[in-house]
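Note sheet for the following structure.
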Amino acid sequence: MLLCATLFIATTTMAQPNPITPAPLLFEWEEGELDIDKGLKLYIEENDEFTAEDYLRLEAAASQVGVAVKRVYKEPKSRYLRLRFGYGNFGEEGYAMTIDRSGVTITATYGAGLYYGLQTLRQIVEQYDPLPCCHIEDKPSFAYRGVLIDISRHFRSKEFLMRQIDMMARLKMNRLHLHLTDAAGWRIEIDAYPELTSFAAWRKPATWKEWWYGERGYVTEGTEGAYGGYLTKEDARELVAYAADRYITIIPEIEMPGHSDEVIATYPHLACTNKNPRQGDLCIGKEATFEMMQTILSEIIEIFPSEYIHIGGDEAGKGDWAQCDDCKRRMAEEGLAGVDELQSYMIHRIEMWLNERGRQIIGWDEILQGGLAPNATVMSWRGEEGGLAAAAAGHDVVMSPHGYCYIDAPQDAPYSQPESIGGYLPLERVYSYNPTPDTMPSDVALRVLGVQANLWAEFIVTDEHYEHMLWPRAIAIAEIGWSQRDVMHYSEFRERAIRIVDAMIEEGYSPFDLKNEIGNRPESKADVEHLARGKRVEYLMPSSYQYAPKYAAAGDATLTDGKRGTWTYADGRWQGFLGRGGVDVIIDLEEVTAIHSIAADFMQICGPGVFMPCLVEIAISEDGKNYTKIADIEHEVVVDELPSFKSFGWEGEAQARYIRYKAHRSRYSGFLFTDEIVVR
Ligand code: ACM
Ligand code: ZN
């Protein structure tokens, strides 16, 4: 009996999960405790390679671990917090940390490692008093662990950005990609072009939505009711230094040639048409475009020491280029085969210009179109294909695929979340992303620098909402970027993330409160057994109006395959119908059967144009020729900001072999989406 109890205790101690996020490479619990009531003596071992700045950074980080820390200059024998630098082979950012009864020792090869060791210590102090003796060895899986913050759609202040930088650093993230320019507003002061911030940074409507669906105009700074803002150069330099003190590099993004509506509105001669066409492509034929972009970039590289400068490159419309005399002349002179190569010409030329100044370009995966610039790094967002192609061709890539890393989608049941771009991207799905799965060839995997969460702000007006979207999903990105796969377990991670979220709320952040997560649509969690499962469905609409190829789900089997949809229509379970004929199908139960209910769910999410039906008719038949209508369900379709789900069905007693289910589209011409016609 006694033996069993002892064994039990020993086992549970050993199985105690790692308390640190991102999960370290090795965490060993040891016997004993370190009392921290009287504080710790900070001893930073002298090292010639340390700059005064390094000492200051580390002292500042040590002062934030949550223990009273006093710097001493003679090596203490007890109650020490000892930082040792220049040892071992921990890589750029790795470290080892030992807590024993007399103190804490952090050893690293470089300063960043000591900084990250201190972040680990901070998390231990947050959770334990006294500190448990332990030994940790740790280093990141990926060199690039990033977040994109979009301050164009809705401007965010320097102070807001600093708060996010604080949190990123605590999670050992090291890149902040600032989306500084886009149609909705230019956000960085440029001396040579003051109108970019005195005009292109301001608009009348406060919300992106009103602005985008309205006039899309700009106003002069100081106009009554003007909404917007920008970072002054001084703000930006302060941010760069603040981030650098936390071992974070800020990567500025200056969009070109697309997403430049605000530039064209201010300087219409940069458009092919010489006027503001409410579209955002710069003319690549004109030298003026290069003069302006290079002047802007020369000021950008003065502010931002980042090796990488992000030049955008995504989603150019390219429509005007083919018609434009300047662009046509450029294509002829340069021997460019079309608009893709014209875009590539611009990116290549900007790359050469930046390379000559010691910088590298990174761009969205569309920069592959027409040929990738020779030294470019690709940020893969439309999926992983762009990243894989670029890596296979010997380019570095950062993975940020839409299906895992676009944290502008709601993270919980959409009806419980603020209005957003749509979809469903819960923490667990983000966490499941592996930037370098075993199936990836090793030479390709070596090119994957890391991973980034992108938080676009079209629907995010307030700081609180922004933090709600960012956290905790960025914590999952931090762990994907840092931790080895074999120490990553979602259920343990979720517990740690809940602790971090609770602590953030205490500190005044506004993360999504993970412990109250509703989770996926209950219907989707298990297959549903019903009388029509596996039975044949005949689609009565003309073939061109059947389900849309992009939303075919499991094809003709979808509506009776027993698989119910999740919260998003893009999950391969919901079937989407775009035709005027709506949904009109017959299910053959194969024999006359007693039935009690027939029902199908529809979803509505107005942003992307998905609406409820306005009428559902249900009819049954024993012979497949003579049908009796048993239900006529009318529904008033009302445009709403939040997604909704609704069942349209019949209950009663009937005998039937054939069921005809017909859902009519409302006056809103968009999609109908349904997942299963359940017959009981
Ligand atoms: C992007 O989401 N257009 C990069
Ligand atoms: Zn042009």
Side-chain angles (χ1 to χ4, degrees), residues 16-27 90-95 97 112-113 115-124 126-127 136-148 164-177 246-248 384 398-401 403-407 411 425-438 445 448-455 467 469-504 509 511-512 514-515 517:
Q16 201 170 331
N18 144 62
I20 305 303
T21 306
L25 193 59
L26 175 80
F27 189 105
F90 299 101
E92 293 266 333
E93 302 181 305
Y95 66 94
M97 181 163 89
Y115 183 82
Y116 291 136
L118 288 167
Q119 303 316 309
T120 294
L121 179 60
R122 180 174 180 167
Q123 288 192 21
I124 294 176
E126 280 166 1
Q127 298 174 72
I136 298 165
E137 286 177 23
D138 203 8
K139 64 176 184 186
S141 286
F142 294 100
Y144 188 116
R145 307 175 299 279
V147 166
L148 173 147
Q164 311 321 311
I165 288 171
D166 283 340
M167 206 58 223
M168 287 171 65
R170 286 157 72 174
L171 296 160
K172 305 186 176 83
M173 303 188 98
N174 62 3
R175 295 287 188 284
L176 171 60
H177 170 172
R246 288 154 185 79
Y247 292 89
I248 290 175
E384 295 173 87
V398 173
M399 288 296 196
S400 190
Y404 296 92
C405 299
Y406 268 48
I407 58 174
Q411 60 203 310
L425 187 65
L427 184 68
E428 183 167 14
R429 164 98 181 156
V430 177
Y431 193 76
S432 72
Y433 182 55
N434 182 353
T436 51
D438 292 342
V448 177
L449 300 180
V451 61
Q452 178 170 292
N454 293 340
L455 183 46
E467 287 183 357
M469 301 301 277
L470 190 54
W471 310 107
R473 285 178 293 183
I475 306 176
I477 295 292
E479 182 143 319
I480 292 167
W482 182 277
S483 304
Q484 300 289 325
R485 303 302 300 181
D486 58 2
V487 297
M488 290 177 63
H489 310 287
Y490 181 67
S491 58
E492 285 179 14
F493 169 75
R494 189 170 190 280
E495 292 305 311
R496 287 184 276 115
I498 287 174
R499 185 192 70 71
I500 294 170
V501 163
D502 287 349
M504 288 181 76
Y509 283 89
F512 166 63
L514 182 59
K515 62 183 176 301
E517 185 179 25

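Excluded from the calculations below are hydrogen atoms, water molecules and symmetry mates; all remaining heavy atoms, backbone and side chain alike, are included. Residue indices begin at 1 and follow the sequence shown.
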Will you find, in the side chains of Y95 and T120, an N or O donor that is under 3.5 Å from an N or O acceptor?
yes
4.5 Å side-chain heavy-atom contact, L26 and D138:
no
Shortest non-hydrogen pair, A478 vs P22, comes out as O-CB, 4.0 Å
Taken in chain and number order and not counting sequence neighbours, the residues that satisfy ring pair (Phe, Tyr, Trp, His ring centres under 6.0 Å) with Y509 are none
Would you please name every residue forming a ring pair (Phe, Tyr, Trp, His ring centres under 6.0 Å) with Y116, sequence neighbours left out?
W482
Can you tell if the side chain of I500 reaches within under 4.5 Å of the side chain of M167, non-hydrogen atoms only?
yes
Applying ring pair (Phe, Tyr, Trp, His ring centres under 6.0 Å), can you list everything that pairs with Y431, at least two apart in sequence or on another chain?
Y490, F493
Can you check whether I480 reaches R145 side chain to side chain, under 4.5 Å on heavy atoms?
no
Can you sort out the partners of F142 under side-chain contact (heavy atoms from CB on, under 4.5 Å), two or more places apart, ordered by chain and number?
P435, T436, V448
Side chain to side chain contact (heavy atoms under 4.5 Å, CB included) evaluation trace for E467 with M504:
CA-CA 10 Å; E467 287 183 357; M504 288 181 76; 6.0 Å; no
Find the distance between CD (Q119) and OH (Y247) and round it off to the nearest 0.5 Å.
10.5 Å
Taking every heavy atom of Y404 against every heavy atom of V430, the minimum-distance pair comes out as O-CG2, 3.4 Å
When you compare the side chains of N174 and E93, does any donor N or O come within less than 3.5 Å of an acceptor on the partner?
yes
Is the number of heavy atoms from other residues, nucleotides or ligands within 6.0 Å of CG (D438) greater than 12?
no
For Y144, check side-chain hydrogen bond (donor to acceptor under 3.5 Å, both in side chains) against everything at least two apart and list the hits.
Q452
The reported gap from CD1 in I407 to CG in L427 (rounded to nearest 0.5 angstrom) is 10.5 Å
Side-chain heavy-atom pair I124, I136 within 4.5 angstrom cut-off
yes
Applying salt bridge (charged side-chain N to carboxylate O under 4.0 Å, His left out), name anything that partners E137, two or more places apart in sequence or on another chain.
none
Who passes side-chain contact (heavy atoms from CB on, under 4.5 Å) against E92, sequence neighbours left out?
none
Sequence neighbours excluded, which residues qualify as ring pair (Phe, Tyr, Trp, His ring centres under 6.0 Å) partners of F27?
W29
Between R122 and R170, is there a donor-acceptor pair closer than 3.5 Å when you use the side chain of the first and the backbone of the second?
no
L176 side chain near L148 side chain, heavy-atom distance below 4.5 Å
no
Check the pair L455, V147 against side chain to side chain contact (heavy atoms under 4.5 Å, CB included), reporting the backbone distance first and the verdict last.
CA-CA 8 Å; L455 183 46; V147 166; 5.7 Å; no
Test item: Y406 and S400 side chains (from C-beta on) under 4.5 Å apart, heavy atoms:
yes
Would you check if the side chain of S483 reaches a backbone N or O of A23 as a donor-acceptor pair within less than 3.5 Å?
yes
Side chain to side chain contact (heavy atoms under 4.5 Å, CB included) for V487 and N18? Distances and angles first, verdict last.
CA-CA 9 Å; V487 297; N18 144 62; over 6 Å; no
Would you say the side-chain atoms of Q127 pair up with the backbone N or O of Q123, donor to acceptor, closer than 3.5 Å?
yes
Which residue pairs pass the salt bridge (charged side-chain N to carboxylate O under 4.0 Å, His left out) test with at least one member in residues 493-502, sequence neighbours excluded?
E126-R499, E479-R496, R494-E517, D502-K515
Shortest non-hydrogen contact from L514 to V501?
N-CG1, 4.0 Å
Between C405 and I477, is a side chain to side chain contact (heavy atoms under 4.5 Å, CB included) present by the stated rule, with each step listed?
CA-CA 8 Å; C405 299; I477 295 292; 4.0 Å; yes
For A169, what residues pass the side-chain contact (heavy atoms from CB on, under 4.5 Å) criterion, not counting sequence neighbours?
Y115, R246, I248
Does a side-chain heavy-atom distance below 4.5 Å link V398 with V451?
no
Answer yes or no: is there a side-chain heavy-atom contact under 4.5 Å between M399 and L449?
no
Using the test side-chain hydrogen bond (donor to acceptor under 3.5 Å, both in side chains), find all partners of Q411 that sit at least two apart in sequence or belong to another chain.
R473
Hits for side-chain contact (heavy atoms from CB on, under 4.5 Å) against S141, two or more places apart or cross-chain, chain-then-number order -> Q484
